[in-house]
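Encoded as structure tokens, the structure appears first; notes follow it.
These numbers were taken from a predicted model, which means no experiment stands behind them. Chain letters run A, B, ... following the sequence lines, proteins first and then strands; every chain starts at 1.
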Protein chains: 2
Amino acid sequence: MKLSSPEEYGLRCLLRMARAGGSVTIPELSEAEGLSEANVAKVMRRLRLAGLVESVRGPAGGYRLARPPERITAAEVLQALGERLLTADFCRKHAGLPEICVHAEDCSLRALLAAMQGALDSLLSATTIKDLLGNERQATVQIAARLAGVSSAPRAFLPG
Amino acid sequence: MKLSSPEEYGLRCLLRMARAGGSVTIPELSEAEGLSEANVAKVMRRLRLAGLVESVRGPAGGYRLARPPERITAAEVLQALGERLLTADFCRKHAGLPEICVHAEDCSLRALLAAMQGALDSLLSATTIKDLLGNERQATVQIAARLAGVSSAPRAFLPG
DNA sequence: GGCAAACTGTACAAATTTGTCAAGATCACG
DNA sequence: CGTGATCTTGACAAATTTGTACAGTTTGCC
């Protein structure tokens with residue numbers, strides 16, 4: 001069980017964009033993340049189709065986040081770039097007999113997958129891009145706070 | 001993000017074995033799960049190397065669980081057949097620059113992966129093969145009970 | 001209008017994962 | 001002690017995933 005390449009690269013690119021603040025080009029992301037431009041383009045396309053980023057063509061173009069970082073969840077990103085653990089066709093696409101899913105074993109496998117997905121969703125839908133902007137230790141603290149249902153560092157509005 | 005084939009097949013075969021009670025052969029598992037014998041053999045080998053099942057060769061041979069179903073966790077099974085979300089070489093084996101991991105973005109990705117793995121471990125190490133032996137609904141209830149820290153159906157020892 | 005920078009989209013190549021095959025080793029039983 | 005059922009193992013083939021190439025489109029700027 002591991003993250004697919006698009007899932008990982010998509011997260012990395014979004015984090016880069018969030019840190020950069022404004023508009024970022026494919027060559028810039030390519031350079032920063034050590035990925036080929038073609039590969040970055042492929043990932044960014046999917047993020048655009050999912051509505052997580054917006055693109056501007058032509059010189060001075062590039063990508064920008066479609067929403068502020070605190071309103072983009074890790075769950076949305078992974079959903080946009082990969083599949084869930086338990087898909088609708090799970091019982092169809094696997095080995096052998098079509099009626100195999102009526103057996104108890106397979107159904108309980110579905111139960112396990114559903115529980116795993118649920119555990120991940122709790123975490124991922126509470127975690128935003130903004131939570132991940134610090135270093136590893138800071139991000140760990142933010143994620144833990146989210147899971148505990150504690151709003152991180154409540155502070156006054158800053159004008160502008 | 002999805003289960004690898006060995007992970008899925010291994011869980012299925014272990015559930016079959018647990019239901020069967022005693023010794024089960026590769027042809028039997030192959031038939032029951034709709035997998036080729038060669039494929040079953042490959043998966044069972046890894047389960048044996050991980051110490052989750054024991055094999056007997058020769059006629060009347062086969063595989064049996066190395067421990068009772070309530071002492072084999074889903075976490076152990078997945079560990080035996082696949083990789084964890086965050087491996088030691090995560091920062092080494094990925095695109096480009098070796099020093100890329102000193103950057104804040106990548107470290108916070110590590111934080112996310114670690115949190116995801118932690119959430120899954122909580123679930124998977126509390127869930128045993130025995131919890132999955134019923135049908136889908138029953139398994140769902142068992143898993144939920146484990147997560148809540150409630151021991152399922154406490155009952156008296158049975159002699160033998 | 002022409003050029004260059006940038007995104008878009010499809011088709012193809014490379015790498016990894018998955019599945020199969022075949023030859024070998026072990027053992028119960030007669 | 002031979003035979004057949006069974007597990008064991010490494011090499012190979014097929015499928016999927018991943019990465020690249022390339023030909024296009026858009027747009028700001030001169």
Side-chain angles (χ1 to χ4, degrees), chain A residues 1-13 17 20 22-66 78 81-83 87 89 93-96, chain B residues 1-13 17 20 22-66 78 81-83 87 89 93-96:
Chain A
M1 190 175 38
K2 61 174 224 218
L3 245 50
S4 70
S5 286
E7 285 169 334
E8 180 191 332
Y9 299 160
L11 279 170
R12 301 201 339 193
C13 288
M17 294 175 66
S23 184
V24 180
T25 69
I26 288 175
E28 284 167 351
L29 286 171
S30 165
E31 168 75 16
E33 292 299 335
L35 302 171
S36 73
E37 295 190 8
N39 214 353
V40 170
K42 202 184 220 176
V43 170
M44 294 310 292
R45 174 176 185 249
R46 294 181 66 170
L47 290 176
R48 173 176 57 83
L49 294 176
L52 296 177
V53 303
E54 293 168 349
S55 65
V56 176
R57 279 154 80 134
Y63 289 96
R64 61 170 185 249
L65 299 183
L78 295 187
L81 297 168
E83 288 200 330
T87 58
D89 57 344
K93 77 181 175 192
H94 276 293
Chain B
M1 189 174 41
K2 62 176 225 228
L3 246 49
S4 69
S5 285
E7 286 169 333
E8 180 191 333
Y9 299 159
L11 279 169
R12 300 200 342 192
C13 288
M17 294 175 65
S23 184
V24 181
T25 68
I26 288 176
E28 284 167 351
L29 287 170
S30 165
E31 168 75 15
E33 292 298 334
L35 302 171
S36 74
E37 295 189 10
N39 214 354
V40 171
K42 202 183 218 175
V43 170
M44 294 311 292
R45 173 174 187 249
R46 293 181 66 171
L47 289 176
R48 172 177 57 83
L49 293 175
L52 295 178
V53 303
E54 292 168 350
S55 64
V56 177
R57 280 152 79 136
Y63 288 97
R64 60 169 186 251
L65 299 182
L78 295 187
L81 298 168
E83 288 200 329
T87 58
D89 57 344
K93 75 181 173 190
H94 276 293

> CG/A:L81 to OG/A:S5 distance, rounded to the nearest 0.5 angstrom?
Replying inline: 11.0 Å
> In whole angstrom, what separates B:K2's NZ from D:dT17's C1'?
Replying inline: 8 Å
>> Taking the nucleotide of DNA chain D with the nearest heavy atom to each, does B:G61 or A:S36 sit closer to the 5' end?
In response: B:G61
> Counting only distance, no hydrogens or angles, is the base of C:dG19 paired donor-acceptor with the side chain of B:K42 under 3.5 Å?
Replying inline: yes
> What integer distance in Å separates B:R64:CZ from D:dC7:P?
Replying inline: 13 Å
>> In this structure, how many angstroms lie between the P atom of D:dT6 and the CZ atom of B:R57, rounded?
In response: 14 Å
> Roughly how many Å is it from CE in B:M44 to P in C:dG19, rounded to a whole number?
Replying inline: 16 Å
>> Can a donor-acceptor pair be found, under 3.5 Å and without considering hydrogens, that links the side chain of A:S30 to the backbone of A:L35?
In response: yes
> Taking only N and O in the side chain of A:R48, is any of them less than 4.0 Å away from OP1 or OP2 of C:dG9?
Replying inline: yes
> Does B:R12 reach the main-chain N or O of B:E33 with its side chain, forming a donor-acceptor pair under 3.5 Å?
Replying inline: yes
> Does a side-chain N or O from B:S55 land closer than 4.0 Å to OP1 or OP2 of D:dT8, or not?
Replying inline: yes
>> Measuring to OP1 and OP2 of D:dG19, would you say a side-chain N or O of A:S5 lies under 4.0 angstrom away?
In response: yes
> What is the distance from CD of B:E8 to P of C:dT18, rounded to the nearest Å?
Replying inline: 11 Å
>> Suppose we call a contact any N or O donor and acceptor under 3.5 Å apart; does that hold for the side chain of A:R45 and the base of C:dT8?
In response: no
> Rounded to the Å, how far apart are B:I26 CD1 and C:dC27 C1'?
Replying inline: 15 Å
> Quick one: is B:Y9 getting a side-chain N or O under 4.0 Å of the C:dT18 phosphate, OP1 or OP2?
Replying inline: no
> Of A:P59 and A:A38, whose closest DNA chain D nucleotide lies nearer the 5' terminus?
Replying inline: A:A38
>> Around atom CZ of B:R64, are there more than 12 heavy atoms from other residues, nucleotides or ligands closer than 6.0 Å?
In response: no
>> Could you tell me how far apart A:E54 (CD) and C:dT8 (P) are, to the nearest whole angstrom?
In response: 12 Å
> Mind checking whether B:C13 and B:M44 have side chains closer than 4.5 Å, heavy atoms only?
Replying inline: yes
> Tell me: CG of A:L49 to C1' of C:dT8, nearest whole Å?
Replying inline: 10 Å
> Between A:Y63 and C:dT8, does any side-chain N or O lie under 4.0 Å from OP1 or OP2?
Replying inline: yes
